[in-house]
Amino acid sequence: MFEKTYDAGSIEPRIREVWQDAEAFRAGAGAAKDADPFCIVIPPPNVTGSLHMGHALNNTLQDVLVRFERMRGKDVLWQPGTDHAGIATQMVVERQLAANGEPTRREMGREAFLERVWSWKEESGGAIKGQLDRLGASCDWSRERFTMDAGLSEAVLTVFVRLHKQGLIYRDKRLVNWDPKFFTAISDLEVESKEVKGTLTHFRYPLEGVTFDADDPSTYIVVATTRPETMLGDTAVAVHPEDERYQHLIGKNVVLPIVGRKIPIVGDTYSDPEKGSGAVKITPAHDFNDFEVGKRHKLRVINIFDEQAAIALKGNADFAEGLDAGVVHAIVTELEGKDRFEARKRVVEVLEQQGFVEKIEDNVHMVPFGDRSGVPIEPFLTDQWYVNAKRLAGPAMEAVHEGKTQFVPANWSKTYFEWMENIQPWCVSRQLWWGHQIPAWYGPDGKIFVERSEADVARMAQIHYGGDVTFATRAEAMAAWEDPETTGTVLYRDEDVLDTWFSSALWPFSTLGWPERTPELRKYYPTSVLSTGFDIIFFWVARMMMMGMHFLNQVPFDTVYIHALVRDEKGAKMSKSKGNVVDPLELMDEFGADALRFTLAAMAAQGRDVKIAKARVQGYRNFATKLWNATRFADMNECRIDPAFVPSEAKGTLSRWIITEASRTANEVTRGIETFRFNDAAASIYRFTWNLFCDWFLELSKPALMGDNEAEKAELRAVTAYVIDQILIMLHPFMPFITEELWQITADQAGIQRDTLLIHAPWPVNGFEDAGAADEINFVVDLITAVRSLRAESNVPAATEAEVVVVGGSRLQEGWLAYHDAAIRRLARANALKVSDVAPPNAAQSVVGDVVACLPLAGLVDLEAERARLAKELKRLEGEIGKIDGRLSNPKFLEKADADTIQEQREKRAEAEAKREKLEAAIGRLDPVS
RNA sequence: GGGCGGUUAGCUCAGCUGGUUAGAGCGGCUGGUUUACACCCAGUAGGUCGGCGGUUCGAAUCCGUCACCGCCCA
């Protein structure tokens with residue numbers, strides 16, 4: 001039964017259950033026979049995550065697509081799941097341990113720790129699933145996957161081993177972005193550069209063979225740095241080869257202060273003569289640019305830090321080489337173990353005392369921060385595993401060039417290409433425990449075995465070494481290798497895990513069962529659409545493209561839809577630290593999931609940011625209520641679904657008009673969704689429902705519904721029920737809950753059984769069109785609007801009924817007026833509707849198309865005001881006619897514009913001219929007869 | 001420094017391939033207990049489409065340029 005008001009909070013959980021019981025989201029549910037497949041893989045949210053506005057937007061849009069295609073009868077799979085989020089998850093659990101005062105990760109050991117993470121995952125992970133459910137996301141939860149589950153881990157293993165055998169994964173010693181808080185490498189995409197107020201310290205490096213004199217610039221060279229402490233690892237000074245100031249010094253040495261190392265002055269274009277002194281210090285172990293300079297000049301690479309970015313010079317052979325042992329000892333005593341910031345201070349102090357500091361300036365510069373840890377990243381020289389991304393990028397770029405995958409909006413392909421063209425080797429190893437452990441084993445001779453399993457490794461190792469092969473932890477293996485007593489060969493497995501994105505890159509096919517050749521893989525791959533934010537193009541889209549092309553030789557998806565970024569009302573990016581986060585869960589609590597979804601869809605215009613405003617959500621909540629009440633009204637008037645009703649056979653023009661409009665709307669909504677113009681689709685269904693169906697159709701129907709023409713009444717009732725059904729269908733992808741609920745209620749009221757739930761109801765095709773009916777109803781609508789306007793402007797009290805006289809109507813129009821007499825009188829608040837050849841005296845007048853609506857208001861009309869109003873309208877019209885005349889009298893326009901346009905302008909002019917004449921006549925009538 | 005995008009009503013935004021009287025929602029104002037709905041109804045005000053220049057018969061729409069704002073990459 002119909003409750004008085006629509007209550008989203010109580011309806012939504014019930015509808016969710018209905019879908020669940022019907023397994024309505026299951027792959028292929030509701031599909032037509034031999035249907036085309038339609039598949040979307042969800043961008044896997046972090047297992048630690050909770051629903052934020054970006055998720056809400058993205059998943060709403062995906063759900064609109066998915067529900068739409070499902071209703072069109074396609075075989076739909078929306079594949080859900082989460083990723084394991086290496087660093088984030090490990091962090092969460094470590095924090096929990098700390099809060100409980102439990103042993104740390106290192107204290108409890110790898111195995112115990114991983115157990116903890118798993119049990120955390122089982123209990124608290126994946127909260128987002130319930131939140132997506134709340135939103136109405138119709139993913140096939142029975143197929144839910146997790147990047148660490150067995151199947152996906154198998155895929156990861158297969159990919160790693162194969163890429164390694166193909167030479168596309170390799171181990172290398174390079175500078176990485178090192179996170180000194182988490183003690184792990186991270187990819188450059190996980191680094192955020194931020195502006196920081198720091199200092200620029202200018203050092204004087206004395207030239208070799210001259211006596212240093214701070215007052216004599218010819219005895220030293222000035223270098224400026226934002227990171228003074230790294231000078232301990234300097235191995236050169238670079239100047240621009242064409243810089244006249246320094247040319248004579250290239251090839252000479254300077255003596256590094258404190259350290260005493262003699263390091264060369266090299267000529268390299270990296271040094272910018274315009275900047276600072278034009279000379280720069282080169283620290284290959286601690287700066288990416290310097291590393292390149294170092295390679296070009298074969299400079300030594302001296303690492304001065306440990307993994308916490310604290311000074312580590314004790315026992316550091318690279319550092320000690322070529323230095324006086326006493327000096328090394330002094331430096332170690334002074335600085336050993338100090339972190340980089342303390343060391344910075346101390347180094348500057350010492351150099352200052354010795355006169356080596358020329359000046360220290362305030363300086364704003366960019367500093368790289370770890371996006372998870374929030375600490376400055378340290379370029380750090382380590383052994384890591386790399387993917388040869390350049391090789392994989394080729395086919396991935398080619399596929400987009402050839403249009404096999406299309407970006408929507410197309411512009412984003414630029415971003416994709418830009419990154420792909422400049423792609424760097426992808427560092428995939430992470431010094432974490434939570435993740436896919438790298439399938440690489442090390443032997444005592446430095447040999448590395450990359451295989452799918454320990455058994456495979458054992459076999460290969462036996463061939464390589466002969467004799468027994470056993471496995472141990474890294475520490476144990478190292479000890480065994482040192483121990484002369486050891487018999488056989490001891491191997492240990494790489495302790496590191498893979499970047500989470502490595503497994504995410506396989507998502508479009510690993511979730512479908514790859515490397516098994518499953519039926520799902522065959523049916524749904526390549527998937528249809530990938531929907532995501534632009535910030536993920538590099539992280540994910542590009543990598544899925546690379547992996548998909550490499551391993552399946554097919555693109556992972558036909559279309560990449562890039563949605564807007566959600567911002568707050570003022571357009572600022574939402575972030576917890578700014579405190580401007582709008583919580584979608586709260587919005588759903590307050591206004592319902594349908595309202596939130598509709599808002600997001602309506603605001604998802606392409607190429608724009610989405611600024612979420614509460615008032616907007618409220619407005620669409622009101623829309624849901626409006627629909628609810630309209631349906632309730634229809635029910636009160638016994639507008640019941642009539643299964644025998646055939647819309648194309650409706651007789652009344654009002655019926656034929658609204659059916660025409662409904663089918664036009666269906667076309668618009670269809671096109672909107674097909675072209676990812678969600679806002680257009682949403683606007684279209686909104687306008688139809690509220691402004692046409694509720695405001696006009698229902699209002700115009702009222703007299704007939706109240707009247708006693710039973711045949712007419714019966715048809716209107718059937719039409720009303722039919723159109724409501726159409727609205728429910730078209731609106732369902734946007735507002736699934738209220739529509740499904742009404743689908744049930746209306747069926748119950750009609751005492752019929754629906755063939756399917758609304759979620760599987762067929763989408764409308766092949767529209768009905770009766771343009772003649774539209775002419776008639778539009779005439780009536782315009783007339784009513786004009787009369788209402790006249791009343792308001794003439795200050796006719798709402799309660800007063802006035803007479804309406806229509807002047808100059810054709811026979812046809814007079815017929816319309818007679819037919820709709822009751823409706824017009826009702827909506828225009830008229831006690832009589834008359835037709836006349838002459839306008840009554842002292843009437844307020846308004847030109848409606850080719851007739852004039854008159855409101856005779858003896859004594860009530862302010863003639864001056866009326867004249868002014870009509871004159872204003874006349875002026876506007878004359879302006880318009882003038883503009884059109886300008887065009888039509890321009891020979892070049894007639895020559896160059898196409899025939900249709902010219903014809904259109906002529907028609908417009910004729911219309912305007914006719915209206916002008918009526919207006920002039922109307923003004924003439926206001927003059928007292930003289 | 002390189003690239004991308006934005007600037008349209010008080011606010012938030014539509015306006016696709018040039019020809020519209022430049023639209024919507026919110027907000028404002030006026031008036032409303034009409035067989036649903038005040039989360040409503042009716043009416044109404046409000047815009048030199050950021051500036052300048054160009055292409056064109058015709059520019060909010062295309063091109064250039066400047067200004068301001070935002071984002072991405074160095």
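Remember, it's a predicted structure, so these values are computed and weren't measured experimentally. In what follows, every chain begins at residue 1, and chains take the letters A, B, ... in the order their sequences are listed.
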Atom-to-atom span, CG of Leu827(A) to C1' of A36(B) - whole angstrom = 14 Å
Answer yes or no: does atom CG of Asn691(A) have more than 12 heavy-atom neighbours from other residues, nucleotides or ligands under 6.0 Å?
-> yes
Reckon Asn795(A) has a side-chain N or O less than 4.0 Å from the OP1 or OP2 of U30(B)?
-> no
Answer with yes or no whether Arg616(A) presents, from its side chain, a donor or acceptor under 3.5 Å of a partner atom in the base of C26(B).
-> no
Check whether any side-chain nitrogen or oxygen of Trp628(A) sits under 4.0 Å from OP1 or OP2 of C40(B), and answer yes or no.
-> no
Nearest to the side chain of Arg632(A) - A36(B), G32(B), A14(B)?
-> A36(B)
With sugar-phosphate meaning primed atoms plus P, OP1 and OP2, does Thr631(A) contact a base, only sugar-phosphate, or nothing at under 4.0 Å between heavy atoms?
-> nothing
Could you tell me whether Arg671(A) and Asp680(A) have a side-chain N and a carboxylate O separated by less than 4.0 Å?
-> no
Measuring from Asp695(A):CG to Arg687(A):CZ, what's the distance to the nearest 0.5 Å?
-> 11.0 Å
Nearest listed nucleotide, side chain of Arg829(A), among U34(B), A36(B), U20(B) | U34(B)
Identified pairing partner of C62(B), criterion: Watson-Crick or G-U wobble below 3.5 Å | G54(B)
Toward the 5' end of RNA chain B, by each residue's nearest nucleotide, Gln905(A) or Arg621(A) | Gln905(A)
Rounded off to whole Å, could you give me the CG-to-C1' distance for the Asn629(A) and A36(B) pair?
-> 5 Å
Would you say Lys614(A) reaches C26(B)'s phosphate, i.e. side-chain N/O to OP1/OP2 under 4.0 Å?
-> no
Compare the minimum distances between each of A36(B), C4(B), G15(B) and the side chain of Lys414(A), then state the nucleotide with the smallest one.
-> C4(B)
Do Lys626(A) and C37(B) share a donor-acceptor pair, side chain to base, under 3.5 Å?
-> yes
Write down the distance between CE (Met603(A)) and P (A14(B)), rounded to a whole number of angstrom.
-> 8 Å
If you draw a 6.0 Å radius around CD in Gln406(A), do more than 12 non-hydrogen atoms from other residues or ligands fall strictly inside?
-> no
Do the side chain of Glu699(A) and the base of A42(B) come within less than 3.5 angstrom through a donor-acceptor pair of N or O atoms?
-> no
So Tyr561(A) and His563(A), would you call those rings parallel, tilted or perpendicular, with 30° and 60° as cut-offs?
-> tilted
Please determine, for the side chain of Arg677(A), which listed nucleotide (G2(B), G15(B), C39(B)) has the closest atom?
-> G15(B)
In whole angstroms, the gap separating C1' of A36(B) from CD of Gln749(A) amounts to 14 Å
Considering Watson-Crick and G-U wobble pairs with both distances under 3.5 Å, what does A36(B) pair with?
-> none
Could you tell me which nucleotide pairs with G25(B) by Watson-Crick or G-U wobble geometry, both distances under 3.5 Å, or answer none if nothing does?
-> C11(B)
Looking only at side-chain atoms of Lys702(A), point me to the closest of G32(B), G3(B), A36(B).
-> A36(B)
Taking the side chain of Asp695(A) as its heavy atoms from C-beta onward, which of A36(B), C41(B), G2(B) lies nearest to it?
-> C41(B)
For Phe633(A), is the NZ or CZ atom of Lys702(A) found under 6.0 angstrom from the centre of its six-membered ring and inside 45 degrees of the ring axis?
-> yes
Heavy atoms under 4.0 Å, any strand shown: does Ala615(A) hit a base, just sugar-phosphate, or nothing?
-> sugar-phosphate
Does U44(B) have OP1 or OP2 sitting under 4.0 Å from an N or O in the side chain of Ser789(A)?
-> yes
In whole angstrom, give me the gap between the C1' atoms of C39(B) and G3(B).
-> 46 Å
